[in-house]
Amino acid sequence: MSTEATATPSSSLVPVFVRLKLTLLRNGLRQSPGRTAAYVVSAAAGLVFAAAVVLGLVALRGNPHAGTLAVVLIGMLTLGWAVMPLFFPTGDETLDPTRLVMLPLRPRPLIRALLVTSLVGVGPITTLALVTGAVIAVADGAAAALVGALAVVLVVLVCVALARAVATSSTRLLTSRRGRDLAVLGGLFIALGAQVVNIAAQQLGRPDGLSVLEPLGGVLRWVPPAAALGAVEDAGHGAYGRAAAGLALTVLALALILWWWQRTLTALMTSPDSSTLQAVEKDSARRTGGEERGLARLLPEGRTGTVMLRTLRYAWRDPKSKMSWAMALGIGLLLPIVYAAQGNGSIYSSFSASALLGMQMYNQFGQDTSAFWMVASTISTPRDAFEELRARALSLALVAVPYVTLVVVGSAAFIGPWSAFFQVYGLSLGLLGGLLATGAMASALFPYSIPSEGNKSVAPGQAGIAWISLFGGFLTAAVLTSPLLGLTIWLHVAGLQSLLWVLLPVGAVYGVGIATLGLRLAAPRVVARLPEILAAVSKG
């Protein structure tokens, strides 16, 4: 009797979960017209994109490189399914296994139910359409069509199971602060990936563009689940042994993914976490023996070291600060690579590193949000304000100077010419110093609030102040750097290229000098406008 009692829930678990997901989806869309419209628009956009890709694949039928393109497409599709749960962990809350921990469910029936439920949605339907189009593009003959039907099912199952397994194994990470930071950084990786796809699309647009995919396609043909699509093409050519091997590899990959998913799901639903264990708090002095550890040991003592450590911790722990820093670092490194890949490479594109990192100096007090009142309580004289601004600038320079050095050296090595290294490096350091100076001044004259919630970076009603601060300060920094630029032009016009090396020490000294001057000029203005600054940054 107990056997029947346990068998019945297991056999009926799949339809229950499917109805549950459909019900939750319907109720979620009823919450607001905006959410319904967003879902409908996104679903329509996904289906239109899938239809366009399918039509393109069908049009390539008979092309000698169609099989390679289809295999690469399936590889990219699988990669997308694998990484999306890491960047969008709350994309499907109805399938969160932690919500089922208290239910008497066994892993295998639960996996079957979750796998079938995962097939309900716009993503799986879009994937099904893309895989079907890829099979149509390469299938030739009845045997290939039969293998293709099996390949479509296997590829979709592998993609969905892989996404669920990755999400399950990363559930506790993604629900923690570090996981939320990872999700915030997902936008950076998507931006970088979009640039890579843009470069690849330009390469494929050439007359012989598809031929460049042959080496990659040759490797992916034996990597599941793209191996299943390679099996379709092999079956059309009569290579039934290779076709069977490709299908077998995909079936084996699906079995391994399901086994991994079952193990991680069992561990997730049976092992305790921080919410079920007694928290043991220890005094930091007892843990460290009363000594500072890590970066704090390398920073100077007094207010300078304290402010530097606080600023760097904000950059690492605060999601919005981390996103801003990550975008600056990523784009500053990416732009020279993109220009080089497009055939417009120049060592002068490395100026983007100084520009993007230097702009992190702007709105320093707004980055503290409502916590700035604690900083304001320690500022009573221009000397206090100068030490506060200097420490913030030093923390930025601690990252920016090595980063700018890396980008300029890399641009000189891979793009060239090395003869322009000294002038570009010197101008970059001078521009960085100018941005530190104008950033400090803009922080005092044009502060604005950054909302702690949501995706906005400027509080309502302060957008004009933000534009004036950023663009006005950047133009002023360009004017401050003009003496270095004039010296560079004069050396070229006078035919004194052998003396261009002096731009490096001159640029470094000039950058330090102009940054120090800007900090000293901004310090008394911070003290004089401290109430206005506090009110402006606390507005959001």
Side-chain angles (χ1 to χ4, degrees), residues 299-315 318 320-321 324 357-400 432-452 457-459 461-477 479-481 510-540:
L299 298 178
E301 298 180 356
R303 178 171 187 144
T304 299
T306 302
V307 175
M308 290 181 66
L309 184 61
R310 183 189 69 216
T311 303
L312 294 173
R313 282 179 174 171
Y314 277 179
D318 179 65
K320 290 195 174 183
S321 297
S324 178
L357 262 295
M359 293 184 74
Q360 301 303 307
M361 186 65 187
Y362 286 73
N363 197 33
Q364 278 292 311
F365 306 128
Q367 296 175 18
D368 295 347
T369 62
S370 58
F372 177 65
W373 71 269
M374 292 186 293
V375 177
S377 64
T378 66
I379 299 175
S380 57
T381 65
R383 180 66 183 176
D384 295 335
F386 174 74
E387 290 181 351
E388 177 75 23
L389 290 171
R390 183 184 61 182
R392 292 174 184 248
L394 287 175
S395 63
L396 178 59
L398 188 64
V399 178
L432 180 62
L435 288 171
L436 293 178
T438 56
M441 188 66 72
S443 297
L445 299 179
F446 305 106
Y448 56 91
S449 176
I450 301 177
S452 56
S457 57
V458 182
Q462 294 184 326
I465 299 176
W467 282 100
I468 294 174
S469 173
L470 293 174
F471 286 93
F474 191 82
L475 291 176
T476 305
V479 173
L480 293 177
T481 316
Y510 183 83
V512 173
I514 199 67
T516 304
L517 178 61
L519 295 174
R520 291 195 176 278
L521 292 176
R525 289 165 175 78
V526 170
V527 177
R529 304 189 71 253
L530 198 56
E532 290 85 349
I533 296 174
L534 184 58
V537 301
S538 302
K539 186 176 181 179

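For the pair Glu532/Pro447, no side-chain contact is recorded, criterion being any heavy-atom separation below 4.5 Å from C-beta on. A 4.5 Å side-chain heavy-atom check between Met441 and Tyr362 finds every atom pair outside the cut-off. By the 4.5 Å heavy-atom criterion applied to side chains, Leu530 and Phe372 are counted as neighbours.
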Inset, instruction - Output, in order, the C-alpha distance, side-chain angles, deciding distance and verdict of side chain to side chain contact (heavy atoms under 4.5 Å, CB included) for Leu398 and Leu312. - result: CA-CA 10 Å; Leu398 188 64; Leu312 294 173; 4.0 Å; yes
Legend entry - Phe446 and Leu470: CA distance, side-chain angles, deciding distance, side chain to side chain contact (heavy atoms under 4.5 Å, CB included) verdict: CA-CA 9 Å; Phe446 305 106; Leu470 293 174; over 6 Å; no
Inset, instruction - Decide side chain to side chain contact (heavy atoms under 4.5 Å, CB included) for Gln367 and Tyr314; before the verdict, give the C-alpha distance in whole Å, the side-chain angles of both, and the deciding distance to 0.1 Å. - result: CA-CA 9 Å; Gln367 296 175 18; Tyr314 277 179; 5.9 Å; no
Inset, instruction - Begin with the C-alpha distance, continue with both residues' side-chain angles, and end with the deciding distance and a verdict on side chain to side chain contact (heavy atoms under 4.5 Å, CB included) for Ser443 and Met361. - result: CA-CA 8 Å; Ser443 297; Met361 186 65 187; 5.6 Å; no
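Side-chain contact of Thr481 with Tyr510: a donor-acceptor pair under 3.5 Å is absent, judged by distance alone. Of the N and O atoms on the side chains of Thr304 and Glu387, not one donor lies less than 3.5 Å from an acceptor on the other residue.
Counting all heavy atoms, side chain and backbone alike, Leu521 lies closest to Arg525 at O-NH1, 2.6 Å. Nearest approach of Ala536 to Ser449, heavy atoms of both residues: O-CB, 3.3 Å. In this structure, Leu519 and Ala393 approach most closely via the heavy-atom pair CD1-CB, 4.2 Å. Taking both residues in full, the closest heavy atoms of Ala440 and Gly518 are given as CB-O, 4.5 Å, listed atom of the first, atom of the second, then distance. Nearest heavy-atom pair, Gly305 versus Leu299, reported as atom, atom and distance to 0.1 Å: O-CD1, 3.7 Å.
Under the side chain to side chain contact (heavy atoms under 4.5 Å, CB included) rule, Leu480 has a single partner from Ile514, Leu475, Leu517, which is Ile514. For the side chain to side chain contact (heavy atoms under 4.5 Å, CB included) with Trp373, the lone residue among Leu534, Val537, Asp368 that qualifies is Leu534.
Evaluation of the salt bridge (Lys or Arg N to Asp or Glu O under 4.0 Å) rule for Arg520 yields no partner, not counting sequence neighbours.
Residue Ile465 holds its CD1 atom at 9.5 Å from CG of Asn363, rounded to the nearest 0.5 Å. In this structure, OG1 in Thr516 is found 6.0 Å from CZ in Phe386, a value given to the nearest 0.5 Å. Rounding to the nearest 0.5 Å places CG of Leu432 at 6.5 Å from CG of Leu396. Put simply, CZ on Arg303 and CG on Asp384 are 5.0 Å apart, with the number rounded to the nearest 0.5 Å. Here Ser469 contributes atom OG and Tyr448 contributes atom OH; the two are 5.5 Å apart, rounded to the nearest 0.5 Å. The distance from atom CE of Met359 to atom CG of Leu357, rounded to the nearest 0.5 Å, is 11.5 Å.
Gln364 places no side-chain N or O within donor-acceptor distance of the main-chain N or O of Ala444, the cut-off being under 3.5 Å.
Taking 4.0 Å as the cut-off between side-chain N and carboxylate O, Glu388 and Arg310 count as a salt-bridged pair.
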